[in-house]
Amino acid sequence: MKPTAINTSSAALQSKPALVPTNSVSTKDGFSVRARIDPTLPVADVIRQLCSNLKVADHPALYALRDEHDVLITDTNLRKAIKDKVNLKLVNSPVVEVVDIMEKLSGREEKSLKLALFSLQKYIQEDQFAGEFLKRGGLAELLNVIGVSHGNTLAYALKALQNLMSLDYGWSNIPTPFISTLIEILAKPKNLVNVCRPATSILKRLVEADPRFATEADFVGVNKSAQSVAGPSNSKTSSGGKNPPSIKPGMKPLSEGIWNYGFDLIFDLMKAQDEGELGPNTGERPIKVLETVVKRLSSGDSMMAMDSMLLINSLLKNATDTQWQELADQLERLNLRKAVIRLTSLTTSEELNSSTLEFQANLMSFAYRRKNTPIDLSSPSVRNTLDIIWAAAKLPQPEATTPTRNTPRSSPKVRTGWQDFGSGDGILYEEPDADHPTWVKLGFDSENLRTEFARVGLLGLDCLRALATAWADYFQEIVLEQLSRPPERRCPVAKASNEIVELLSEHYRLFAPSYSSAPSFQPYFLSFHRVHNLALKFFLRVWDEIGAAASDFSRVAALAQSQINYALRDETRPWHEVEHDFLESEYREVRERQMRELEQQDDLLSKPPVRTLRAKLYKDSFEFIRSQRIQCLTQGAWFVNGIPAPLTGAGSSRESVSLKRNTRPWKFLRLASIDKSMRYLHFVDSVVKIPIRNGLDDLPERIDASLILEVITRTSAIPPNIHPGSMSPSDIPTTGSPLIASPLSFSLLSTRGGSLADLVAENSTVFSDWIDGFNMLQGDHFTTKETAEFVQSLTEIGLKIKLLDLSGEKVDIPDALNPPTLPSTTDFFFADYD
């Protein structure tokens with residue numbers, strides 16, 4: 001006969017000394033017993049036998065087991081609880097808790113409501129509790145509470161909703177009016193921090209729940225969860241009939257999944273909320289909620305600043321092709337770059353540094369998109385920018401002439417510089433009368449602005465506008481000074497500005513969207529316009545010193561490129577040193593350094609077709625390294641279970657952790673590669689390193705990778721007397737030594753708060769593979785120097801191989817490819833070749 005799974009009898013324990021109790025179990029009445037629990041039994045059977053042995057009169061279904069931290073014991077974690085000899089509690093089941101909380105939520109009595117919401121925060125992340133809560137219409141009730149509450153009650157309710165949204169089901173039916181209410185809460189600067197933080201996180205989650213990024217696996221998983229929540233399907237409901245009781249009119253069925261919000265919906269609601277409160281917005285006024293979020297980057301509460309940074313990153317990363325430009329204009333108008341630079345100077349938090357690097361990568365992606373977006377002369381924002389630039393130059397106006405048959409039709413705003421030619425569709429196909437040049441006076445080669453900005457797009461226009469507004473006196477001075485010179489000796493200011501934009505883009509490797517090769521913070525990139533201004537001043541100074549003519553433009557541009565690379569060689573240098581390099585360096589020194597550089601490199605590398613080839617190879621190298629890093633995660637590696645060390649700097653959100661020694665100091669992790677989603681990290685803890693077979697049979701526990709908020713480094717110390725392979729014996733910490741974070745340590749921070757794992761890599765190679773593996777799994781950026789060097793090395797090797805092929809075939813690479821002239825009319829057709 002099989003032995004009893006649970007035995008709480010002291011006589012039985014005396015007669016069978018071999019049956020050692022595994023856990024201590026306490027009841028609501030304060031009664032505590034020692035019990036031996038069979039790990040092979042389901043939790044329901046364990047509870048039933050406990051109720052029987054403890055003479056509990058109520059039905060066992062009304063009870064559940066929780067550990068001393070109130071974590072619900074399920075079939076998944078029961079074995080671990082028994083193995084760790086965790087103290088257990090026999091408490092109310094999730095069903096009972098849901099009934100009690102729902103009653104208090106509907107009652108609206110202030111004290112009971114706060115207690116219910118506080119309990120809801122804890123329990124809502126549990127699948128059993130969440131399923132019962134949603135089935136009973138809990139989401140609609142919670143949204144109603146948020147709509148009428150304020151102060152701490154509102155904060156508790158928002159936190160509960162935030163925790164619910166960490167699940168991948170159950171919140172697909174949030175109505176649009178509630179999202180507008182949420183944006184209104186966030187837009188009020190005087191709201192409490194504990195209200196704004198969960199509201200910010202909720203809005204971030206809604207932005208990320210974009211149908212563009214949903215996979216078939218997401219909907220399959222959601223449908224299964226929805227069926228378990230909503231029960232059997234109803235034919236009337238599925239065919240568009242009556243909604244289930246838990247879903248109010250206007251809400252979406254649970255089976256639709258959570259991927260039905262996204263950037264466009266949230267951004268449109270932000271604009272609608274702003275216009276509803278302040279009236280129509282023509283684009284010149286900052287959107288109120290964005291203005292408030294950017295201001296909170298300077299908040300005294302570092303975690304509020306952190307949450308605001310995460311929301312901004314989410315907006316930048318998920319912006320759609322139709323609205324990214326408007327978002328970029330809004331954030332530029334709010335001086336977001338300056339706010340982030342100020343934030344990084346005030347804190348050294350690893351969590352915030354990681355978010356700053358992500359912001360930098362997003363900004364590089366936006367800069368690339370603006371650079372490759374042609375200017376549209378029919379766009380009101382572009383025309384307004386051109387008006388501002390022309391007005392800032394304060395050039396003498398041309399005399400008005402009577403239009404003739406051969407004179408192009410000009411805009412009513414001809415005095416401001418832009419004109420419509422040909423059909424008047426805003427596209428410049430023909431040049432105006434040579435007797436009345438306009439844009440040529442600013443330093444363009446022609447009046448066709450679309451052609452003039454072809455290489456730098458909107459990014460070049462942004463930089464020229466910044467020059468004309470932030471340094472208006474200087475801009476007017478240099479334009480008028482050049483006009484006073486003979487035409488052959490003039491430096492084309494606007495053309496030089498665009499050339500500097502191109503050189504800076506090459507320096508910062510703005511090769512493709514979502515590719516950032518910067519493993520460290522680059523404050524001078526965030527000050528792109530200031531650096532552009534300095535580099536342009538250097539360009540004009542060199543032009544004057546060498547007495548350059550129009551034919552020397554490429555020569556001066558080559559000197560500017562050399563000086564940009566030299567002045568920005570180290571982003572940690574003080575700003576005054578960078579200014580000195582641009583404004584006070586002698587021409588002779590710059591020329592000598594350029595000559596040394598030319599001796600070390602082939603002039604072939606500076607040709608535009610080769611630079612384009614390098615950009616393509618860089619993207620290919622990045623994708624190769626990305627797949628290699630993720631492959632390292634799927635192969636798995638051993639780590640030391642680190643002891644969380646005190647984090648330096650403000651803003652740590654990590655929860656306090658007991659510093660008692662871990663009895664199993666080693667952890668083997670492997671990313672599951674069975675399904676394409678790669679959603680779970682499987683692991684096993686061990687006293688010593690043991691052989692691990694391929695697959696997941698030796699890895700009984702797992703971490704949901706979708707819960708990883710970010711990866712931060714230098715967070716954990718090595719346990720005493722544990723010897724990772726890369727450390728010398730003298731560096732091994734001993735018992736009683738202070739906790740010092742290892743440079744090879746990192747933590748996986750959870751979206752639900754706290755850390756999912758605190759790990760120490762055995763060597764720098766494993767550290768680099770896994771840190772950037774996680775970063776590339778979540779996005780398209782990396783942070784370690786090793787990965788950056790690998791990508792760069794592969795790019796250079798690939799470039800040399802391609803050039804060897806071309807040189808072997810004696811192919812002549814031109815300096816530039818000039819586009820053919822545009823047809824004068826539309827009266828033509830393309831030949832059809834078979």
Side-chain angles (χ1 to χ4, degrees), residues 71-72 74 76-77 124-131 134 161-172 174 198 200-226 228-229 254 256-263 307 310-311 313-314 317-318 351 354-355 358 514 626 629-630 633-634 636 653 669-683 696 699 701-712 746-759 770-781:
V71 175
L72 184 68
T74 63
T76 304
N77 60 8
I124 195 62
Q125 299 177 80
E126 300 169 356
D127 286 332
Q128 293 183 19
F129 183 95
L134 294 169
L161 180 59
Q162 177 191 350
N163 290 346
L164 170 63
M165 294 177 69
S166 66
L167 303 175
D168 58 1
Y169 63 89
W171 46 279
S172 63
I174 296 178
T200 304
S201 298
I202 291 169
L203 204 62
K204 170 183 174 292
R205 190 75 170 100
L206 291 171
V207 171
E208 294 169 348
D210 197 309
R212 293 175 297 157
F213 308 129
T215 63
E216 186 176 350
D218 293 320
F219 285 104
V220 170
V222 167
N223 286 334
K224 290 182 179 178
S225 301
S228 64
V229 170
L254 288 172
E256 287 189 14
I258 62 172
W259 303 93
N260 43 26
Y261 304 101
F263 174 85
D307 289 336
L310 291 174
L311 175 58
N313 278 335
S314 182
K317 186 174 182 179
N318 295 284
E351 300 172 47
S354 177
S355 295
E358 184 181 355
S514 301
R626 182 178 187 272
R629 290 293 190 252
I630 295 177
L633 270 62
T634 61
S653 65
L669 281 102
R670 175 178 291 156
L671 181 67
S673 58
I674 296 176
D675 56 349
K676 294 181 180 180
S677 62
M678 294 187 180
R679 178 173 175 178
Y680 292 102
L681 272 172
H682 293 256
F683 69 93
L696 306 176
L699 309 174
E701 302 179 65
R702 69 183 187 181
I703 296 172
D704 189 344
S706 65
L707 296 180
I708 299 176
L709 175 64
E710 62 177 323
V711 183
I712 60 173
F746 62 94
S747 295
L748 309 179
L749 296 190
S750 171
T751 56
R752 300 177 179 179
S755 174
L756 295 170
D758 301 299
L759 308 169
W770 281 70
I771 287 291
D772 287 327
F774 281 122
N775 286 330
M776 292 173 169
L777 190 65
Q778 293 182 304
D780 289 317
H781 70 284

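Keep in mind that the numbers below use all heavy atoms, side chains included, and drop hydrogens, waters and symmetry copies. Remember, it's a predicted structure, so these values are computed and weren't measured experimentally.
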Which heavy atom of [X] sits nearest to which heavy atom of [Y], and what is that distance?
X	Y	value
L671	L777	CD2-CD2, 4.0 Å
F683	L669	CB-CG, 4.0 Å
F746	V711	CD1-CG1, 3.9 Å

Nearest 0.5 Å, what's the [atom1]-[atom2] distance between [X] and [Y]?
X	Y	atom1	atom2	answer
N77	E701	CG	CD	9.0 Å
W171	N260	CH2	CG	8.0 Å
L134	F129	CG	CZ	9.5 Å
L748	D758	CG	CG	8.0 Å
R205	L164	CZ	CG	10.0 Å
F263	S314	CZ	OG	9.5 Å

Residues that [X] engages under side chain to side chain contact (heavy atoms under 4.5 Å, CB included), provided they are two or more places apart:
X	answer
S166	Q125, T751, R752
Q162	K159, P198, S201, I202
D127	L167, Y169
Q128	L72, T74, P94

Check salt bridge (Lys or Arg N to Asp or Glu O under 4.0 Å) between E710 and all other residues, then give those that pass, not counting sequence neighbours.
none

Suppose we screen for salt bridge (Lys or Arg N to Asp or Glu O under 4.0 Å). Which residues come up paired with D772, at least two apart in sequence or across chains?
none

Looking at M776, is its backbone amide N or carbonyl O close enough to the side chain of R626 to form a donor-acceptor pair, meaning the two atoms are under 3.5 Å apart?
yes

Okay, side chain of R212, backbone of N318: is any donor-acceptor separation there less than 3.5 Å?
yes

